[in-house]
Amino acid sequence: METTNSYVLIHGKNISHSTLTGPAAGPHMSIDKLFPALLECFGIILCGYIAGRGDIITESQAKGLGNFVSKFALPALLFKNMVLLDFRNVIWAFLWSVLVAKVTVFVLVCVLTLMVASPDNRYSKAGLYAIFATQSNDFALGYPIVDALYRSTYPEYLQYIYLVAPVSLMLLNPIGFALCEVQRWRQASHPQHSSLGILGVVVLQVLKNPIVFMVIVGIISHFALGQQIPAVLSEFIDGLANSFGGAALFYLGLTMVGQLRKLTRDTGVALILLITAKLLIMPLVCKDMVDILDTGVNSTSANHTSLSNFAFLYGVFPTAPSVAIYAGHYNMELEVVTSGMVISTFLSAPIMYVSAWLLTIPLMDPTPLVTELENVSFNISIVSLIALVWTIAVMLLSRKFNKLPHLFALNLFLAQVMCVSMILWNFLVKQEDNLLGKILTFTLLYGSLYSTYIWTGNNNKIIQPFSTHRVPFLMVGGLLISGERSDTIDSAFFYGRAQVGTIPANLSSCLWWLFNKDPGRLYLELQFFCAVANYGQGFLSFGIFGLDRHLIILPFKKRLLSLWQGRDIDDLSPSGVPEEVRLTCTQFVRYHKDQCVQDIVHTRRYEYLFTCICVGDLVDWLVERGLSAGRAEAQLYGARLQRGGVLTGQHSFKDEPNFLYHFTQPRREEE
């Protein structure tokens with residue numbers, strides 16, 4: 001076998017690039033199949049979210065689907081694969097590596113939480129946060145990704161999913177459950193459990209978990225049945241197992257509905273740290289553990305590299321939805337866990353794609369790699385510019401720009417328009433004789449970029465607006481005077497080491513650039529994410545400010561509903577009421593109105609006593625009483641009451657928390 005070494009020049013550094021010629025030169029993973037797999041998985045998740053958000057599937061129906069997935073389909077899938085598992089092909093060093101990595105992250109999160117959390121809830125936080133950082137969505141999301149990447153190259157990697165998952169369920173989760181039980185015991189006014197009782201509760205919960213139970217049954221059956229499922233059971237188990245994939249992803253989308261509403265400002269810091277531990281620290285520790293422990297005599301260089309890359313990708317798998325179930329069971333840390341589950345799931349998609357792509361760098365031609373790195377900033381800047389133009393237009397049309405803190409936000413948006421300079425840089429850098437244009441574009445680009453850093457933190461009057469714009473350009477001016485230009489086409493290092501000494505949005509990558517002779521693939525991954533973070537700031541601004549509720553969302557919803565119903569939704573004439581509306585109103589007034597008034601109505605004393613009711617309260621009450629199967633059906637029920645004259649209000653009946661209505665049968669206030 002012949003080995004050829006070549007180098008890719010990026011940021012003035014030589015990135016080693018090895019190509020192998022001969023039989024072993026094949027790729028470690030099928031990267032071309034990853035994007036379709038991600039599209040399939042997240043497309044089904046999105047369908048589930050839409051179905052739940054639109055109440056096409058109600059909460060009770062979603063629970064039924066969840067029970068089917070977790071208590072029938074998944075156990076059948078586990079049983080089938082544990083029986084058919086070939087232990088002879090298992091590289092046990094990999095399992096030990098993942099075990100050590102999970103234990104390391106679990107202990108790190110648990111200890112840090114116990115040290116900094118409030119004594120009132122430190123044990124529940126430590127237990128649930130540690131589970132959050134270590135329990136991955138291995139089956140619903142992880143398996144199809146691994147299948148797409150490795151089925152044609154290393155199909156035996158698929159069986160590791162079934163062997164690694166019980167590590168968390170049988171070893172680490174019980175520790176987290178024990179901490180939650182300790183918290184519950186400390187909060188109880190009359191503790192009912194001793195230490196032995198807590199241990200018994202934890203062991204019972206572990207054994208009741210269908211995944212743990214079926215893994216144990218599957219391993220026993222593996223040896224009892226001789227690694228073969230009886231023909232009489234094969235079709236039945238296959239039918240249940242094959243139903244898991246799509247149903248699990250669809251249910252994952254259903255569980256995400258409404259979870260981000262629980263996120264508060266106080267939980268933001270904890271959420272960021274947890275997602276960092278799950279999506280960044282976990283994959284790095286998994287990869288490092290495989291590099292250290294996989295040193296057996298049968299471990300070839302190609303297999304070792306592939307296993308190391310697989311360990312990194314496994315660590316990027318997002319948190320499993322079952323962690324939210326644990327939080328709900330203990331009624332502890334619901335806001336952080338449920339919101340974190342949603343965010344980590346969607347963040348994992350780009351991280352997995354970019355990571356898998358970069359892990360194939362040693363097998364790629366250097367020219368397309370450099371071209372791709374150059375184009376990332378350009379492409380993201382174009383889309384970000386469109387988002388910023390929309391956001392600034394919304395800010396101006398809503399006339400919020402002359403009020404604080406929207407004035408600061410508008411200045412931030414103007415600074416973020418520096419993505420225009422990155423677009424110009426992409427064209428000017430190819431013109432070798434246009435040095436003045438490069439310097440002017442560089443000045444505008446980095447003056448604006450540094451301004452975004454300062455404006456992000458300028459939420460008060462400590463830093464005056466003029467200084468916020470002036471200081472960054474003074475810094476760039478000093479760099480132009482004292483720095484020495486390089487020949488690189490990368491704007492981030494146009495002035496070499498002097499530029500690194502200013503204020504880097506990517507400090508870690510700059511330090512890596514200064515002290516590491518051969519940065520490697522992880523450095524390149526940092527550069528990709530830095531480009532997205534710097535030049536894609538418009539996405540975040542658009543998401544927060546570009547969809548103004550009163551200017552964009554509510555008119556859009558009103559127009560959409562009017563098109564859906566074929567008429568203006570505000571035109572609800574009481575004349576000519578349909579029969580179903582009349583029956584609904586009669587039934588409500590005769591059997592339910594008095595109880596509704598007693599439960600949720602707020603009285604206000606005027607000349608007449610009007611019974612005022614908040615829409616959200618009425619919708620909740622209709623669902624709780626079983627008059628409606630979900631919020632969408634409850635909204636239709638309320639619309640019928642309004643059309644039949646039982647309710648009146650200034651707006652058509654909508655599930656909006658600030659809308660007030662009152663029953664239309666006033667009574668004289670008693671003297």
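Note that the structure is a prediction, hence the values are computed from the model and not measured.
- Put simply, the side chain of L313 does not reach to within 4.5 Å of the side chain of N309, judged on heavy atoms.
- What you find for L279 and P318 is that their closest heavy atoms are CD2-CA, 4.4 Å.
- Ring orientation note: the planes of F310 and Y157 are close to parallel, at an angle under 30° on the 30°/60° scale.
- One distance of note links CZ of F378 with OH of Y535; it measures 13.5 Å at 0.5 Å rounding.
- Put simply, the side chain of F312 reaches to within 4.5 Å of the side chain of L284, judged on heavy atoms.
- Contact check for V337 versus M341: no side-chain heavy atoms found under the 4.5 Å cut-off.
- Here the shortest heavy-atom pairing between T391 and F413 reads CG2-CE1, 3.7 Å.
- Here the closest non-hydrogen pair linking C41 and L249 is CA-CD1, 3.8 Å.
- Residue A133 comes nearest to V109 through the heavy atom pair CB-CG2, 3.9 Å, listed as atom of the first residue, atom of the second, then distance.
- No side-chain heavy atom of F317 sits less than 4.5 Å from a side-chain heavy atom of M282.
- Side-chain contact between L414 and I392 is present, with heavy atoms from C-beta onward closer than 4.5 Å.
- Here the CD1 atom belonging to I343 is positioned 9.5 Å from the OG1 atom belonging to T338, to the nearest 0.5 angstrom.
- In this structure, V316 and P283 approach most closely via the heavy-atom pair CG2-CB, 3.7 Å.
- A 4.5 Å side-chain heavy-atom check between V383 and F542 finds every atom pair outside the cut-off.
- To the nearest 0.5 Å, atoms OH (Y49) and OG1 (T345) are separated by 13.0 Å.
- The two residues F132 and I275 come nearest to each other via the heavy atoms CE2-N, 4.5 Å.
- Residues meeting the side chain to side chain donor-acceptor pair (under 3.5 Å) test with Y129, sequence neighbours left out: E333.
- In this structure, L410 CG and S541 OG are separated by 11.0 Å, a value rounded to the nearest 0.5 Å.
- Every residue meeting the side chain to side chain donor-acceptor pair (under 3.5 Å) condition with S308, not counting sequence neighbours, appears here in chain and number order: K287, D291.
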Please report, to 0.1 Å, the donor-acceptor pairs under 3.5 Å made by any side chain of residues 136-145, with sequence neighbours excluded.
unit_1, atom_1, unit_2, atom_2, d
S136, OG, K278, NZ, 3.2
D138, OD1, Y314, OH, 3.2
D138, OD2, Y314, OH, 3.3

(message) Determine whether L252 and T255 satisfy the following criterion, side-chain contact (heavy atoms from CB on, under 4.5 Å), listing intermediate values before the conclusion.
(response) CA-CA 5 Å; L252 178 58; T255 60; 3.9 Å; yes
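- With values rounded to the nearest 0.5 angstrom, L412 atom CG is found 8.0 Å from F545 atom CZ.
- A distance of 8.5 Å separates CG in L388 from CD in Q537, rounded to the nearest 0.5 Å.
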